[in-house]
Amino acid sequence: MSIITPLQEDARLARAELAACLHRVSRGDRAALAELYRRTSGKLFGLCLRILADRAEAEDVLQEVYLTVWNKAATFDAGRGVSPITWLAVVARNRSLDRLRRRGRSTAALDEAAELPDLTPRADAALETGETERRLAGCLDGLDARASEAIRAAFYGGQTYESLAKAAGMPLGSMKSVIRRGLIRLKECLDS
Amino acid sequence: MSALDQDPPDDDFDALAGEYALGLLDGPAAARAAALRRRDARFDAAVRAWQARLMPLAMAAEAVEPPPAVWSRIAAGIGKSAPAPAREGVRRWLLDWRPFGVGALCGAVAAAVLFLALPGRAPAPAPAAVATLASSTGGVYFATAEAAGQGTRLIINPLNVTVPAGKSAELWLIVPAAKPYPLGLLASGHAVVVEDATIPKADQLGDVSLAVSLEPPGGAPHGVATGPVIALAKFSEL
């Protein structure tokens, strides 16, 4: 057993562990859900809080997220190349944005969402943080500032083209054009 | 001026997948993209690729430990009902377990590798939709829809719901341009499974809603709702 494990190896193992955990959850294993919660709830709660900026609502949504996971873990398909944490983050983001829209405040938080995310590297390899965050942040920062702000606002604030155009005082077509160009550039930067 | 400074064409697959994954589209454009995702595996893969690309934004939010009450509520929610579909005869959850116990490790690496490498495992139920029905009389019904044979199976999980004494909670299917269709009575203490040929296919629930109304014991007479609607929610596709 080597003393220094390469970080990538850690991440790969951690990802396989989370996938195994989800698989056990799909078979009705409550201990596996508890373990999944122990390992991921901090990150997902952070995401819910970031989107909702309201503790009570974020707690409600976090509860919905894990109950959804309990019921839908069988639809997670490791064979399709989706990492477990991505799957969980998509569920948490969608549930949070649903709540935000119901609240009718989907046009709020544009400024807040446009703030730079905290890029402090984290230790838990299971959550694939650090390097991938820095890489995405680097690529986003290379875009037209209007595009990177809009992408962050859409991600954390559930903004649509329409609400973004309105908030920025830009014609809808121009906003679409800026963001679509940004997305293509972002993909090229991340995939290169 | 490089090619990247040009607007991507309207039918640019990756731009559309990115717009869809970010939720920038609304109304008919979002519905068209959702439909494309269902029928085109390549587009579905492009959306997943964008979800993975954007994942670091989700992870960039600082981790915050949720209060213990959240886990207590989740544990209560899953304790009341069996997960569906049940595949194991022996309920593992009857065993003593603690949420933060040392023994509750998932990380059996051998098992993980076996799982990832196992080609012949049963196909997962088709990805489907969920609806969260927050009741105005307290509590929440979590509804999930999944493909079951030719039809659709709904599983309704109640969480801390209360129904006034002398009333029954009845579930209704609401499809645009059709009359609300009664799907039966809900329980407060355990999950209810509903299979009915009237329910659209699990991947076609984008415009479909569920509602819960308070009815006389035994349900609405003549299949027409009489009581107040205590919960109403549209399905969200997962």
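Reminder, nothing fancy here: chain letters follow the sequence lines and each chain counts from 1.
- B/A60 and A/Y156 make their closest contact through CB-OH, 3.9 Å (heavy atoms, listed as atom of the first residue, atom of the second, distance).
- Chain A forms more heavy-atom pairs under 4.5 Å with one residue of B/P67, B/P66, B/A29, B/S236 than with any other, namely B/P66.
- Pairs engaging residues 24-65 of chain B under the ring pair (Phe, Tyr, Trp, His ring centres under 6.0 Å) rule: B/F13-B/F43 [sequence neighbours left out].
- Proximity to chain A (any heavy atom under 4.5 Å) is shown, for B/A30, by neither the backbone nor the side chain.
- Between A/I184 and B/D12, the closest side-chain pair of non-hydrogen atoms falls below 4.5 Å.
- Of the listed residues (A/I151, A/L140, A/V91), the greatest number of heavy-atom pairs within a distance under 4.5 Å of chain B belongs to A/I151.
- Between the A/R93 side chain and the B/L22 main chain, a donor and an acceptor come within less than 3.5 Å of each other.
- Among B/G23, B/A45, B/G27, B/A69, the residue making the largest number of heavy-atom pairs under 4.5 Å with chain A is B/G23.
- Using a 4.5 Å cut-off between heavy atoms, B/Q51 touches chain A through backbone and side chain atoms alike.
- In this structure, B/R53 CZ and A/C139 SG are separated by 10.5 Å, a value rounded to the nearest 0.5 Å.
- Side-chain atoms of A/Y66 never come within 3.5 Å of backbone atoms of B/A75 as a donor-acceptor pair (strictly under, hydrogens ignored).
- Note that the CZ atom of A/R30 and the CD1 atom of B/I78 stand 5.0 Å from one another [nearest 0.5 Å].
- Interface remark: of the candidates A/A89, A/S41, A/A58, A/G42, A/G42 forms the most heavy-atom pairs closer than 4.5 Å to chain B.
- Residues forming a salt bridge (Lys or Arg N to Asp or Glu O under 4.0 Å) with A/K187 (at least two apart in sequence, or on another chain): A/D191, B/D14.
- Comment: A/K43 does not engage B/E62 in a salt bridge, judged by the lack of any side-chain N to carboxylate O separation of less than 4.0 angstrom.
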